[in-house]
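As a basis for the values below, the full set of heavy atoms in this structure was taken, side chains included, without hydrogen atoms, waters or symmetry mates. Below, read A as the first sequence line, B as the second, and so on, with proteins coming before strands; counting in each chain starts at 1.
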There are 2 protein chains.
Amino acid sequence: MVNESDKAEKMTAALRKAGIRVTRQRIALLGVIADADDHPDAVELHDRARAVEPSVSLATVYRTLSVLEEQGVVHRHSFEGGGARFETAHEEHHDHILDVDTGEVIEFQSDKIEQLQDEIARELGYEVVHHRFELYCRKVRRS
Amino acid sequence: MVNESDKAEKMTAALRKAGIRVTRQRIALLGVIADADDHPDAVELHDRARAVEPSVSLATVYRTLSVLEEQGVVHRHSFEGGGARFETAHEEHHDHILDVDTGEVIEFQSDKIEQLQDEIARELGYEVVHHRFELYCRKVRRS
DNA sequence: TCTATCTTTGAGAATCGTTATCATTCTTAT
DNA sequence: ATAAGAATGATAACGATTCTCAAAGATAGA
């Protein structure tokens, strides 16, 4: 069972190993990201981090998110409308459904999609470096 | 066989039918979009349109593209990196491969993908409004 | 623990793509 | 030809993000 403080510790360990300094501001942000079970944007993360450590600026949030992304511990998603949203890089690859009414993000995983896209690319003489697969959806309501 | 001037005529007809005025600037832009067989961005379209009709401003390019998108005759794609890119709305739905080395856009169509995404959404209680499926790829080179 | 080095920081300016403002010009139906 | 209203160019404003730079802080070593 991986809890939130384990996640934060793993991320700080990754930073230390890469020779990147672990500052008060970064500790605060890592805690906030580890705790998040949604997909917050930079401003939202800034608000949450400031509640823990008031001396965190938005510039530092952006800078740290870029560092964490480079280290592969955080993923950035630029969904339609609004700014980028972030999540901890958990091991299983997944794609996203976006509820167009609520903005909620739901994760899903499909092996078929993964193999299908490789097939499609190969057939055209390409290999997939990465992909974007986002379903903009509406909840089905039963009568 | 649908040639480029047919495309432009269809688009102007769509505008007229919707009570939207057909100006010199819009005619120029429609011609340019109909001729394009790539996926140009707004600045590129502005450059091409100015070559035909010098009195086209970038603001009008953006405004007209929004109008054309609302009318469903043009599609806008926000691929990773850089601004939005545009194409005429041809009848067959398709998705895109992006060559990460050259920036080139290749279109492809897959019925399997379409039905698979509907399945995935339905299973989670959603119906797909629209989707984004982009493969960021590299050309496979044979030795 | 003290220092030296070198990274990170906050504040705000700058950037990029895009949209809004507004007075003037142009399309279109009459 | 004319009136009414839509579209225009120029430029300001915008939102998200990155950059700049002097000041503060983290880390390794003595």
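Taking 4.5 Å as the limit, every side-chain heavy atom of B/Ile27 sits out of range of all side-chain heavy atoms of B/Val52.
The nearest whole Å value for the distance from the CG atom in A/Leu58 to the P atom in C/dT9 is 13 Å. One can place CD1 of B/Ile27 at 13 Å from P of D/dA7, the figure rounded to the nearest angstrom. For the pair B/Asp41 CG and C/dT18 P, the interatomic distance rounds to 7 Å; values are reported in whole Å. One can place CD1 of B/Ile20 at 16 Å from C1' of C/dC26, the figure rounded to the nearest angstrom. Atom CD of B/Gln25 and atom C1' of C/dT27 are 11 Å apart (whole Å). Distance CG (B/Leu68) to P (D/dA7): 12 Å, rounded to an integer number of Å. Taking atom CZ of A/Arg63 as the reference point, atom P of D/dG25 lies 15 Å away to the nearest angstrom. Distance, A/Arg16 CZ to D/dA28 P: 8 Å, rounded to whole Å.
Residue B/Arg26 places at least one side-chain N or O under 4.0 Å from the OP1 or OP2 atom of D/dT8. Residue B/Tyr62 has a polar side-chain atom (N or O) positioned under 4.0 Å from OP1 or OP2 of C/dT18. Phosphate proximity of D/dT8 to B/Thr23: present, with a side-chain N or O under 4.0 Å from OP1 or OP2.
Place B/Ala42 and B/Arg24 on DNA chain C by their nearest nucleotides, and B/Ala42 ends up nearer the 5' end. Residue B/Ala59 is the one, among A/Ser78 and B/Ala59, whose nearest nucleotide of DNA chain D lies closer to the 5' end (criterion: closest heavy atom). Position along DNA chain C of the nearest nucleotide to B/Gly83 versus A/Thr64 favours A/Thr64 as the more 5'-ward residue.
In this structure, A/His131 and A/His93 have perpendicular ring planes: the angle between them is above 60°, well past the 30° mark.
Ion pairing between B/Asp99 and B/Arg138 fails under the 4.0 Å rule for side-chain N and carboxylate O.
Checked against a 6.0 Å centroid threshold, the rings of B/His75 and B/Phe86 do not count as neighbours. A centroid separation of less than 6.0 Å is found between the aromatic rings of A/Phe79 and A/His96.
Residue contacts for A/Val56: at a heavy-atom cut-off of 4.0 Å it reaches the sugar-phosphate backbone alone, with no base atom in range.
For C/dC6, the base has a donor-acceptor partner in the side chain of A/Arg21 [N/O atoms by modelled type, under 3.5 angstrom].
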